[in-house]
Colleague: 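After the structure tokens below, expect a handful of questions from me.
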Amino acid sequence: MNNDTIAALATPPGRGGVGVVRVSGSAVKLIAEAVLGSCPAPRQAVLKRFLDADANSIDSGLALFFPGPNSFTGEDVLELQGHGGRVVMDMLLARLYELGARPARPGEFSERAFLNDKIDLAQAEAIADLIDSGSNEAARAAMRSLQGEFSQRVNTLAEQMLYLRMYVEAAIDFPEEEIDFLADNKLQQRIVECQQAMQSLLADTEQGCVLREGLVLVIAGLPNAGKSSLLNALAGRDTAIVTDIPGTTRDVLREHIQLNGLPLEIIDTAGLRDSDDSIEKEGVKRAWAEIEQADRLLFVVDENIGIDADTQTLLERLPTKMPRTIVHNKIDLVDLADHAVGIKTDDEETHVYVSAKTGLGLKELSHHLQDCAGYREAGSDSFSARRRHLEALRRAAEWMDKGVDALQHQQAGELVAEDLRLAHQEMGSITGEVSSDDLLGEIFSSFCIGK
């Protein structure tokens, strides 16, 4: 851990009423005396002039000093709250750098809080998730993770695993006691409880990932199928231009929406067809690129035409492993007796019948998308989670199941102990009890500078 002092703007750059500069490290008191004339009393906001090297005022505002270890980073921290102008903030930062501070890396304040045991790694990630949250539910879930609810669940399960490890390793170290693994009902009960807790935590973590990440939906299909109308209907506003002219959409349009708390990124694409128009060609090329990256594809069909030969050809060109939903649009223009609103499954493919113009079937489509994401409305115990947390839990579950199987069928103590150790290690990687420098660098580099 470096003992150097870092400084950064903690508010968005640009013009604003207030700008906050944060400083953390061993030289904070000396810097405070040089910039403010004296170091403020701990945790008391005082009105001060911010001074340059010639004792001229750069700005004036509130100054707060938080002595370590009772601060966010665990180090001495100074916050200067001045006027939020770009030039003023740049001048203040330049003065701090002149006094020995250096520019903070992205996420370095949170990284220092983690390294100084003020927060664990899951809580640190929750800070970024709270800032980036795309819905009210996601923000509340991130706050619960920041407060340690997810970490507590992980640590409780890790303790259960530790008990199993201790028992098995004791049996290995003291074979003269002749402990019968399978005859110990208490051990069997602990194993069942541990597996149940793991499945419960896995389910809640999957939900936490959905709350944080949502789904990336790509709308594709032939020209004039109603793709842009569907985007507008789902977004609740006229985002895309809609006309009767085929090929109106020539570029990728993105819209971020909430679907009953589920964050969605919806991408409208150019109609998939061959064209001599160079601009439309590029739009189609970009459409195929977006399709390759989607979480799910909404393939829109004009129900006046149905799935004809051209449509079938396009369907066969789609990535085989791409989850997709066939959206039959414009059912308001056909005989509803033959085209009922709702969802149908045919040969393991889902068909949804809607009218983007009138709103028919959109409720059913929304419920279908929530089901596809595995989303349920966030409860009071929901927390945010990341893909790496879910993968670590899945690996831990696999190691634990492997160990339990060896225990029950082979009574191979050494193998059981090793499997449980690996499972326990995966749990530690979630909170940062076990972590690599590469992992830390990847996580904190995605944070805002100044956080």
Colleague: Decide yes or no for Trp399 and Gln425: does some side-chain heavy atom of the first lie under 4.5 Å from some side-chain heavy atom of the second?
Modeller: no
Colleague: Using a 4.5 Å cut-off on heavy atoms from C-beta on, say whether the side chain of Val18 contacts that of Thr11.
Modeller: no
Colleague: Answer yes or no: is there a donor N or O on one side and an acceptor on the other, between the side chain of Asp52 and the main chain of Ile58, under 3.5 Å?
Modeller: no
Colleague: State, to 0.1 Å, how close Asp120 and Phe114 come at their nearest heavy-atom pair, and which atoms those are.
Modeller: C-CD1, 3.7 Å
Colleague: Does any part of the side chain of Leu215, heavy atoms only, come nearer than 4.5 Å to the side chain of Glu265, both counted from C-beta?
Modeller: no
Colleague: Whether the side chain of Thr5 engages the backbone of Ala27 through a donor-acceptor N/O pair (distance < 3.5 Å, no angle test) should be reported.
Modeller: yes
Colleague: So does His83 get a backbone contact from the side chain of Asp59, meaning a donor-acceptor N/O pair under 3.5 Å?
Modeller: yes
Colleague: So which atom in Glu292 and which in Pro319 form the shortest heavy-atom distance, rounded to 0.1 Å?
Modeller: OE2-CG, 3.8 Å
Colleague: Examine distances only and state if a side-chain atom of Glu33 and a backbone atom of Ser38 form a donor-acceptor pair shorter than 3.5 Å.
Modeller: no
Colleague: Please indicate whether Gln152 has more than 12 foreign heavy atoms, meaning atoms of other residues, nucleotides or ligands, lying under 6.0 Å from its CD.
Modeller: no
Colleague: Looking only at heavy atoms, what is the nearest atom pair of Gln123 and Ile119, with distance?
Modeller: OE1-CA, 3.6 Å
Colleague: Can you find a pair of side-chain heavy atoms, one from Glu349 and one from Ile326, that are under 4.5 Å apart?
Modeller: yes
Colleague: Taking it one step at a time, do Met198 and Leu202 satisfy side-chain contact (heavy atoms from CB on, under 4.5 Å)?
Modeller: CA-CA 6 Å; Met198 174 64 80; Leu202 266 171; 4.2 Å; yes
Colleague: What is the distance from atom CG of Leu64 to atom NZ of Lys48, rounded to the nearest 0.5 Å?
Modeller: 12.0 Å
Colleague: What distance do Glu290 atom CD and Lys285 atom NZ have between them, rounded to the nearest 0.5 Å?
Modeller: 13.0 Å
Colleague: Is the His389 ring parallel, tilted or perpendicular to the Phe150 ring (thresholds 30°, 60°)?
Modeller: tilted
Colleague: What do the steps show when you test Val77 against Phe72 for side-chain contact (heavy atoms from CB on, under 4.5 Å), and what is the final call?
Modeller: CA-CA 8 Å; Val77 171; Phe72 173 69; 5.5 Å; no
Colleague: So does Glu282 pair up with Arg286, basic N to acidic O under 4.0 Å?
Modeller: yes
Colleague: Is a side-chain N or O of Asp76 found less than 3.5 angstrom from the main chain of Gly68, in a donor-acceptor match?
Modeller: yes
Colleague: Would you say that Leu234 contacts Leu230 through its side chain, given a criterion of any heavy-atom pair below 4.5 Å between the two side chains?
Modeller: yes
Colleague: Any side-chain donor-acceptor pair under 3.5 Å between Arg49 and Ser57?
Modeller: yes
Colleague: So do the side chains of Arg153 and Leu157 get within less than 4.5 Å of each other, counting heavy atoms only?
Modeller: no
Colleague: Salt bridge or not for Asp4 and Arg112, using N-O below 4.0 Å?
Modeller: yes
Colleague: Going from CG on Asp295 to CG on Leu369, what distance comes out if it is rounded to the nearest 0.5 angstrom?
Modeller: 11.5 Å
Colleague: Which atoms form the tightest heavy-atom contact between Ala294 and Val218, and what is the distance?
Modeller: CB-CG2, 3.5 Å
Colleague: Using a 6.0 Å distance limit plus a 45 degree cone around the ring axis, check whether Arg22 lies over the aromatic ring of Phe109.
Modeller: yes
Colleague: Closest heavy-atom contact between Ala385 and Arg212?
Modeller: O-CD, 3.4 Å
Colleague: Roughly how far, to the nearest 0.5 Å, is the CG atom of Leu115 from the CD atom of Glu108?
Modeller: 9.5 Å
Colleague: Taking the side chain as everything from C-beta on, heavy atoms only, tell me whether Arg388 gets closer than 4.5 Å to Leu121.
Modeller: yes
Colleague: Supply the atom-to-atom distance Asp371 CG to Thr350 OG1, rounded to the nearest 0.5 angstrom.
Modeller: 10.0 Å
Colleague: Could you check Arg317 against Trp288 for side-chain contact (heavy atoms from CB on, under 4.5 Å), going step by step and ending with a plain yes or no?
Modeller: CA-CA 10 Å; Arg317 284 186 60 189; Trp288 282 110; 3.5 Å; yes
Colleague: Just by distance, do the side chain of Ser145 and the backbone of Ser384 share a donor-acceptor pair under 3.5 Å?
Modeller: yes
Colleague: Assess the residue pair Glu391 and Arg394 against the criterion (salt bridge (Lys or Arg N to Asp or Glu O under 4.0 Å)); give the C-alpha distance rounded to whole Å, side-chain angles, the decisive distance to 0.1 Å, and a yes or no.
Modeller: CA-CA 5 Å; Glu391 291 173 353; Arg394 286 172 175 166; over 6 Å; no
Colleague: Taking only Lys NZ, Arg NE, NH1 and NH2, and the carboxylate oxygens of Asp or Glu, determine whether Glu418 and Arg421 approach each other closer than 4.0 Å.
Modeller: yes
Colleague: How long is the gap from CD1 on Ile127 to CE on Met143, to the nearest 0.5 Å?
Modeller: 9.5 Å
Colleague: Where is the tightest heavy-atom contact between Lys227 and Gly221, given as atom of each residue plus distance?
Modeller: CD-N, 3.4 Å
Colleague: When you compare the side chain of Cys194 with that of Leu164, does any pair of heavy atoms fall below 4.5 Å?
Modeller: yes
Colleague: Show your working on side-chain contact (heavy atoms from CB on, under 4.5 Å) between Thr325 and Arg296 and close with a plain yes or no.
Modeller: CA-CA 8 Å; Thr325 298; Arg296 190 168 196 89; 2.9 Å; yes
Colleague: Test side-chain hydrogen bond (donor to acceptor under 3.5 Å, both in side chains) on Ser71 and Lys118 and set out the steps.
Modeller: CA-CA 8 Å; Ser71 69; Lys118 305 300 292 185; over 6 Å; no
Colleague: Counting N and O atoms only, with roles assigned by atom type, does the side chain of Arg102 sit under 3.5 Å from a partner on the main chain of Ile6, one being a donor and the other an acceptor?
Modeller: no
